[in-house]
Amino acid sequence: MTAIYHPTVARLTFRALLGRRRALIMALLPMLLLAIAIAVRALNGADDRAAATVLGGFALAAMVPLVGVIAGTGAIAPEIDDGSVVYLLSKPVSRQTIITTKFIVACAVTGLFTVVPVYVAGLILNNNSQQIAFAFTAATAAAVVAYSAIFLLLGVVSRNAVVIGLIYALVWEALLGSLMPGVGNLSVQQWSLTLAEQIAASGANVTSTVSLTAGSILLVIATVGGVWYAGRRLASFSFAGDH
Amino acid sequence: MHTDPNTTRSADAAPDGPTARGDARIHNIGYRSYSGPRLGRSHGRASLIEHSLRGAFGLGRSARSKVLPMLLLTIMTLPAMIMVAVAIATDLNELPLEYTRYVVFMQPIVGLYVALAAPQMVSLDLRYRTTPLYFSRPLERSDYVTAKLAALSVAIFVFCALPLVLLYAGALLGELSPSDETVGFLQGLAGAVVFAVLHSALALLIASFTPRRGFGVAAVIAVLTVPYFAATSLQWIVYDLGSSGAVDWIGLLSPGTLMDGFQGAYLGGATDFPSGIAPAAGGAGLAYLLVTVGLTALCSFLLLRRYRKVGI
């Protein structure tokens, strides 16, 4: 059985993710969320519908996927892009271990920039009335795990990982998801929203298009499958030809 | 105006200075200066526009670079064809969606296209250091910037206008009211022009700050979508709380809602705003006009300033 976590790989990935401009872009989004939350609270006072709109319409729909794309693909894609992944792969570390480590780091970084701000924003917006803040925090946490796995896989598979990830997050989930309800069956946003639907009080008007069981099963499948397949792809990673 | 290519400055003509040695000579190894016509700045600018415009659709580039622009163009035009088919098949009196609403409706696709095209136009020149080669020609920095702005504006306009042309042609073939359709079509085209110019200035400015294409794509997408989601969420909150007047002012905060409100005020009369009501042309609409023009001018100005320093 290979190890799940390799401290050196984790340290290098943390440094790559939190260095320079990447961290700045990732920090801007939660700051914007907090600014909106403070503005809404200051102008209108605590309001449950406003809280659900901000957390569902901005945090879960736009902020979480964007931070997920940046952190998830950023955990491995730049290394593959500039070729320095050779030095990592030539070390006696199982490639599955590299993937699981990078997955854990991506989850931790995405979580830091989304789960915490979502909870804080929820508290600011309505003091967790009707469990809305807690519901969306749980949904964000679930979404973070699934997005990290999916975007990490994309980073291994494709050179256009960022673009494809953004197309998925913005066109598939946001545009098509609002037009065709069936798209919700294949949307991380809806899968995690079903958790929020369960936790929030029924008056909170948080709804998802999938059921709780379907949502949780699909979340687990996407996460485990994504990490496993990314490991497989990295194990058979070849440098020949593609340059 | 230049020296005759056959003239050589060899040691034969060298003056007998104190350092000149008798056997020193510079061999004529056959370099010749260009004696053909000089096409000048305007031709350089036109070629740069043409080259950038073709590149924005992947023409003249590898097959892999053609995939995404062409795929996005297909996705962009597909709903238009479906609408025309539906309108003709079910004998509608008008198209299911107005011309000006179409671009707003397809905004995520247009945003993706802009995010792909803008970094391709400027980031790669920075990354592979081709800008010094441009600037060593008669081309000025302002020529480079205006050429790129013009090329991206035209590219976005073509991208937005193609489905409108399809809609219009379909509407005429389906014998919908020609006068109504023509007015709507022209309004749609005017909206597309404003949309294209605003977005090209904004996206090029962002893209010119990074030599890395992936970063540029992500940054343009983020700047276009994050404020949009933020602004629409806020609009709904304000609308729910019953102050629909503030909805118009919040719409000024993102490029997407800005274009929506602008078209609503001057080119049609409907928006995707929660109220569904467009800002009045005289009141809030004027703010939309000013912000649109101001933002475009500001981005173009900053882009010109950016190229005073970058790219040497």
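Residue numbers start from 1 in every chain, and the chains themselves are labelled A, B, ... in the order their sequence lines are given, proteins ahead of strands. Values below: all heavy atoms of this structure, side chains included; hydrogens, waters and symmetry mates excluded.
Evaluation of the ring-ring contact (aromatic ring centres under 6.0 Å, His included) rule for B:Phe273 yields no partner, not counting sequence neighbours. Every residue meeting the salt bridge (Lys or Arg N to Asp or Glu O under 4.0 Å) condition with A:Glu79, not counting sequence neighbours, appears here in chain and number order: A:Lys102.
B:Thr232 has its side chain out of reach of A:Phe58: every pair of non-hydrogen atoms, C-beta onward, lies at least 4.5 Å apart.
Using non-hydrogen atoms only and a strict 4.5 Å limit, the part of residues 62-78 of chain A facing chain B consists of A:Ala62, A:Leu66, A:Pro78. Scanning residues 26-33 of chain A against chain B with a 4.5 Å non-hydrogen threshold yields A:Leu29, A:Leu32, sorted by number.
Within a 6.0 Å radius of CZ in B:Arg305, other residues, nucleotides and ligands contribute 12 heavy atoms or fewer. Dense packing is recorded around CZ of B:Phe209, with more than 12 heavy atoms of other residues, nucleotides or ligands lying under 6.0 Å away.
Pairing each heavy atom of A:Thr53 with each of B:Ser233, the nearest pair is CG2-O, 3.8 Å. Between A:Ala61 and B:Phe229, the shortest heavy-atom contact is CB-CE2, 4.0 Å.
Here the straight-line distance linking atom CD1 of A:Ile36 with atom CG of B:Leu253 works out to 9.5 Å at 0.5 Å rounding. In this structure, the separation between CG on A:Asp81 and CZ on B:Arg213 is 10.0 Å, given to the nearest 0.5 Å.
Contact count versus chain A (heavy atoms, under 4.5 Å) is highest, among B:Leu234, B:Val217, B:Val226, for B:Val226.
Residue B:Ile75: no heavy atom, backbone or side chain, is found under 4.5 Å from chain A.
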